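As structure tokens, the structure follows; a few thoughts come after it.
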There are 2 protein chains.
Amino acid sequence: MTLDFSRDKPIYSQLVDRICGDILKDKLLLGDRLPSVREYAVETGVNVNTVQRVYKELEAMNITETKRGQGTFITTSEARITALREEMKNQLAQNFLTSIEALGFSKEEMLVVLQKKS
Amino acid sequence: MTLDFSRDKPIYSQLVDRICGDILKDKLLLGDRLPSVREYAVETGVNVNTVQRVYKELEAMNITETKRGQGTFITTSEARITALREEMKNQLAQNFLTSIEALGFSKEEMLVVLQKKS
DNA sequence: AATAGTGTACTAGTTAGATAGTACACTATT
DNA sequence: AATAGTGTACTATCTAACTAGTACACTATT
């Protein structure tokens, strides 16, 4: 794999987003086991410590559970995932609106652009 | 003033965005003079070097012109500003769509959320 | 019991962004 | 000529994120 990361955001944060995305896209299912920190570090071309930070964040968000000696697993709580989906959708929309506001565009003109772009 | 900055993006970058926003919102007009680096540093509660970085970026984007000993001025090119507006609008839309894609949402469901919010 | 594979916890070093301070070159005003 | 206000260019220091390496505790398998 060896991903390429944006420079304007911490890598651990981008990896958290990536995993959340995989969950929301059902590439990762309830109860699935994530790769070990060492495996995932190799896969993504990142240091073990960075992956550890990622798993820590995910656990703090209550979307994974880690079992010492066994691995890190996606939560089995359907409700938590549903809530996550709503949270992220709202966050995304809110950030977008904030940016629009900051740059002095109107929501309407941005919607027009979005329609065109695919 | 003394702004509060987001931690997930360089301050100089946030200030560039801010000034671009002020231009697009006609708070800053063609030919207007920006505060001196020292003034703006005090206003925003930031170091002089950071402001210098901001003005350097703006000049590299061709939206300001600096005259040594006189100050930094918004370009007098109407065309450049118009182009800037389109660039930023497109960039914003593109980033939004990329995030949507990464998190596995559809454009349509996000548009629904956007309609509701604001 | 031994081993391999987990997560976890350290210490140390690197880099980019930001801060702090100083100095210099240019321009306009007095 | 003197002065004040510009942008510009340094050097030095600090912090967060990342990298690098090592060690330890727990679990499952053999």
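For clarity, every value in this text was computed on a predicted model and none was experimentally measured. Note on naming: letters A, B, ... go to the chains in the order of the sequence lines (proteins, then strands), and numbering restarts at 1 for each one.
Checking D/dT8, C/dG7, D/dT19 against every side-chain atom of B/Val37, the shortest atom distance belongs to D/dT8. Comparing atom distances between the B/Thr66 side chain and each of C/dG7, D/dT8, D/dG21 picks out D/dT8 as nearest.
Scanning atom types as modelled, no donor and acceptor separated by under 3.5 angstrom connect the side chain of B/Arg7 and the base of C/dG17.
Rounded to whole angstrom, the span from the CD atom of A/Glu65 across to the P atom of C/dT8 amounts to 13 Å. Between the P atom of D/dG21 and the CZ atom of A/Arg38 lies a distance of 14 Å, rounded to the nearest Å. We find that CZ of A/Arg68 is positioned 17 Å from P of D/dA23, with the value rounded to whole Å. Protein atom CG of B/Asn47 is 15 Å distant from nucleotide atom C1' of D/dT15, rounded to whole Å. For A/Phe73 and C/dT6, the CZ to C1' distance is 9 Å, given to the nearest whole Å. Taking atom CD of A/Gln52 as the reference point, atom P of D/dT22 lies 17 Å away to the nearest angstrom. Whole-Å rounding puts the A/Lys56 NZ to C/dT6 P distance at 20 Å. Separating the CG atom of B/Asp8 from the P atom of D/dA17 is a distance of 11 Å, rounded to the nearest angstrom.
Within the 4.0 Å cut-off from OP1 or OP2 of C/dT19, at least one side-chain nitrogen or oxygen of B/Thr50 is found. At D/dG5, none of the side-chain N or O atoms of B/Ser36 fall inside 4.0 Å of OP1 or OP2 (strictly under the cut-off). OP1 and OP2 of C/dT6 both lie 4.0 Å or more from every side-chain N or O belonging to A/Thr72. Dashed line: the shortest gap from a side-chain N or O of B/Gln70 to OP1 or OP2 of C/dA28 is under 4.0 Å.
At a threshold of 4.0 Å, the pair B/Arg80-B/Glu87 counts as salt-bridged, since one of the basic side-chain nitrogens sits closer than that to a carboxylate oxygen. A salt bridge does not link B/Glu59 to B/Lys56: none of the charged nitrogens lies less than 4.0 Å from a carboxylate oxygen. For B/Arg38 and B/Glu43, the salt-bridge test fails: no basic side-chain N is under 4.0 Å from an acidic carboxylate O.
D/dA28 and C/dT3 make up a base pair, with Watson-Crick or G-U wobble contacts both under 3.5 Å. Nucleotide C/dC10 forms a Watson-Crick or G-U wobble pair with D/dG21, both donor-acceptor distances falling under 3.5 Å.
Counting any heavy atom pair closer than 4.0 Å across all strands shown, B/Val48 reaches no nucleic acid atom. When heavy atoms are screened at a 4.0 angstrom cut-off, B/Glu39 is found touching the sugar-phosphate backbone but no base atom.
No hydrogens or angles considered: nothing links the side chains of A/Asn90 and A/Gln94 as a donor-acceptor pair under 3.5 Å.
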**Working for side chain to side chain contact (heavy atoms under 4.5 Å, CB included), residues B/Ile63 and B/Cys20** = CA-CA 9 Å; B/Ile63 64 181; B/Cys20 284; 3.7 Å; yes
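Across the interface with DNA chain D, nearest-nucleotide mapping of B/Leu34 and B/Asn49 shows B/Leu34 to be the residue nearer the 5′ end.
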